[in-house]
Amino acid sequence: MHRKCKYALSLMTAVMLVMLFAVTPYATANEKNVYLKDESSIPELLKVMTLEEKALLLAGDRDSQKLKGAAGSTTGALYEKYGIPATSLPDGPAGVRIDPLPGGTAPDGTPLTRYATQFPNASARASTWNMDLLNKVGQSIGKELRYFGGDLWLAPAMNIHRHPLNGRNFEYYSEDPLLSGKASAAEVKGLQSQRVGATIKHFAANNQETARRNLPTNVSQRALREIYLRGFEIAVKEAKPWAIMTAYNQINGISPPQNPELITTIARGEWGFDGIVMTDWGGQGNASYWEPQPGNNAYSSMVKAGTDLSMPSGSAEDIIEGYQKGFLTMDEIDAAVARVLKYVLKTPAFEGVQPSTDHNKYAKENEQVVFDTAVESMVILKNEKVKGKKALPITGGTIGTIGNATNNLVRGGAGSGNVNVDPSKLVHLAQALEETGANVIDATKFDYPQVDSILPVGGIGGDPAFKEMKPTKEQLAKDIVDKSDSVIMTIRRGSAEGVDVQAEKGAYYLSDAEQYLIETASELCRKANKPFIVVLSTGAPIEMESWKDKADAILLAWETGTVLGKPIASVLTGIENPSGKLSTTFPIDIKGKAPNGWPYVPATTFGENPVTYHEGIYVGYRYYDTFNVPVSYEFGYGKNYSDFSYSKPKLSSKTFNKSIKVSVDVKNTSKVPGKEVVQVYVGAPGKAMHKPLKELKAFDKTRELGKNERQTLTFTLDAKSLASFDEKRSAWVVEPGKYTVYIGASSKDIKHTLNFTVEKEIIVEKVNDVLKTVVDIEEIVPPKKAK
Ligand code: BGC
């Protein structure tokens, strides 16, 4: 059938269904007249639904006609008989990923589009450290999701930045599980306040794209509990997401959706998760928990493990076979069906909300949220004085912009994390600077030779190769530097699902062309006493150690979404004061070793297949700090246009009893109104178990403080936040001894330290001895002298 005809027919069917729904709730009544009405109807439904119908529901669906471009749906085939509507599941972490066309048609015949709003990438959002703002981001996305006809958002994505080259790091918040968990919880709460659902993904330890399907991942119970599961635990307990999506990789020999220990014992049992669990797309996995036996296949064993939906097109036949051969019980099938029905009851689809085919009515309102988030996420990495004045903000004169990325900024990463935005609204940097009133000389307007520069990204929809301008030194001097009062060079890096970042020039490293431009512009600017500023338009770290000295100021803008160049221009010109601090470390390099012999990046097995996490819990700053390995820019670091002082903090007690409070006064000692992120790290005695030097245990951000204004921030540390996971006892344990509280402006910039004592060991929680390793993992332990 012709596509258009098919679409028209399905539209007709939809219209008829709606009419029928309005008149006689359902078209073909089932014999017993049992329909999905509320939770009390579920037991009856389970009695009347056939095995085939139940299996169909659990097998997921690829495409509900309801929302074009949604990655998946649940089946609509049971609507007429039981009143179970199809629900739509669009991606992804930066906004609602749907097709912008076809929308509807306006009365004058012009086509309507459904362009969604793209938000800054997740690492950027976490860099705001502002949980109220992230709640707002969640609300904004929730409003669009509901408006367009979505039911369940396939995000937030919250894997840990184990290695800087993971191609999907842009979609993930942080290297730290507390920051990831809190950011995710804030967005989930905001989104779900709009009566749509969130799906936290990819559960769990999904930390590389190389060999991403079924990748055997060997990781210790302690690293799982403290690092890779901890963020999920926080999000589940604090925000009750409607759904969890499992990961593609195996964990200790078993595919996550096949693992009852992960799904049923931990998520549902220990954490009280009461939503649905779905697979990643085609990610049913190939490593079952159970021995080979009749009826044990990828789909039946998933249901047995507690996974409800095999997305987007599981095999109903295999689920049926699982039952018929005696492997899967009807109780197990019914439990999954009941959970899916409970989910359906909460959805806009069940409420009868009709998808809008009109333009995005939230576009304007949400654009403001994107702008605010982008400003709060940006990190000034460096800001030196030139001629007695800081390079940033630029407060007048002519601005020269160099590098092709000036007009080719990154709005977001590629793959399922993309969002289809209105291309006519995108404003790149030169124009955005002009819109602030600045006088700009844009080097992309000159006819300079173009040379190969940025490598193609690859993966799913990744950027193609890009060229870079190559003016001669004389041209650069005459056309740009001589005529400008400051010069900005923009560097861009895209990344994509399905591929890791290459450890090559033009990917993780600068290309030769970029290196040449930076060196030449820097030399010319220094000679002329003019500030040379670098802007990074990227979702993840790149190598900076070899060139950061060449710039007087560096602004990490991240991926700015729909508003693209506007917040960058506002920050560069001082209209806005950014307040981001790094959610992830920028290491010295991803290869090689520090002078003390330890590698620059701890995850030395990254990209291998199978992969073994020898670094254990020493991920990100937990490693760099404890093993004394220098970095380019540390976790939690960021400057802005204000200066803050920290008063001497107070502890509520010298000894720990159930919880302890610490409070500190933060004062803006500058003239520029601004916000400060305060981080609380704790160092444990580390005698019974080795421990990182310090770990983030609480954080907060001040409101905007004016000149001399101060705010008291108070943090509570409970026993769980001090505990480590003791594999021998399968318990979260707080060891007795002296603890150090570090109040920091970053993980290294510690303003004050305090001490308290835990008098007796506290067993905070005993949990199940599950997810055991299947190979011996030799984990690194901190050198003694660092203690
Ligand atoms: C990705 C998921 C995404 C799904 C649906 C998969 O390839 O890993 O994150 O939600 O596709 O698009």
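Both counts, for ligands and for their atoms, begin at 1 and track the order of listing. Because the structure is a prediction, the values reported are computed rather than measured. Note that the numbering runs from 1 along the sequence shown for the chain.
Every pair passing ring pair (Phe, Tyr, Trp, His ring centres under 6.0 Å) that includes a residue from residues 133-166 is listed here, sequence neighbours excluded: Y147-Y362, H163-F606.
At a heavy-atom cutoff of 4.0 Å, ligand 1 is contacted by the side chain of R212 but not by its backbone. Contacts with ligand 1 closer than 4.0 Å are made by no heavy atom of M311, backbone or side chain. Only the side chain of R97 comes within contact range of ligand 1, with a heavy atom under 4.0 Å; no backbone atom does.
Of the candidates L154, N418, D91, T199, D91 brings a heavy atom nearest to atom 3 (C) of ligand 1.
Residue contact check for ligand 1: E171 places no non-hydrogen atom closer than 4.0 Å to it. In this structure, M245 has a heavy atom closer than 4.0 Å to ligand 1.
Interface atoms of ligand 1 facing K201, defined by a heavy-atom separation under 4.0 Å, are 2 (C), 3 (C), 9 (O), 10 (O). Of all the atoms in ligand 1, the ones that sit under 4.0 Å from a non-hydrogen atom of A71 are 5 (C), 12 (O). Against a heavy-atom cut-off of under 4.0 Å, S416 is close to the following atoms of ligand 1: 1 (C), 2 (C), 3 (C), 9 (O), 12 (O). The contact set between ligand 1 and H202, taken as ligand atoms under 4.0 Å from a residue heavy atom, comprises 2 (C), 8 (O), 9 (O). Proximity to R168 (heavy-atom distance under 4.0 Å) selects the following atoms of ligand 1: 1 (C), 2 (C), 8 (O), 9 (O). Ligand 1 places these atoms under 4.0 Å from at least one heavy atom of E497: 1 (C), 6 (C), 7 (O), 8 (O).
In this structure, W558 has its ring center no closer than 6.0 Å to that of F119.
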Evaluation steps, salt bridge (charged side-chain N to carboxylate O under 4.0 Å, His left out), between K182 and E238 = CA-CA 8 Å; K182 293 281 181 187; E238 292 190 6; 2.8 Å; yes
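Between E144 and N366 the shortest side-chain heavy-atom distance falls below 4.5 Å. A 4.5 Å side-chain heavy-atom check between Q192 and P241 finds at least one atom pair inside the cut-off.
Judged by a 6.0 Å distance limit and a 45° cone about the ring axis, R125 is not positioned over the six-membered ring of Y173. Under the 6.0 Å distance and 45° angle rule, R213 counts as a cation-pi partner of Y248.
Screening T604, I777, T217 for a side-chain contact (heavy atoms from CB on, under 4.5 Å) with T612, the sole residue that qualifies is I777. Partner of K54 under the side-chain contact (heavy atoms from CB on, under 4.5 Å) criterion, chosen from I333, L78, V340: I333.
For atom 2 (C) of ligand 1, the nearest protein heavy atom (residue, atom name, distance) is D280 OD1, 3.2 Å.
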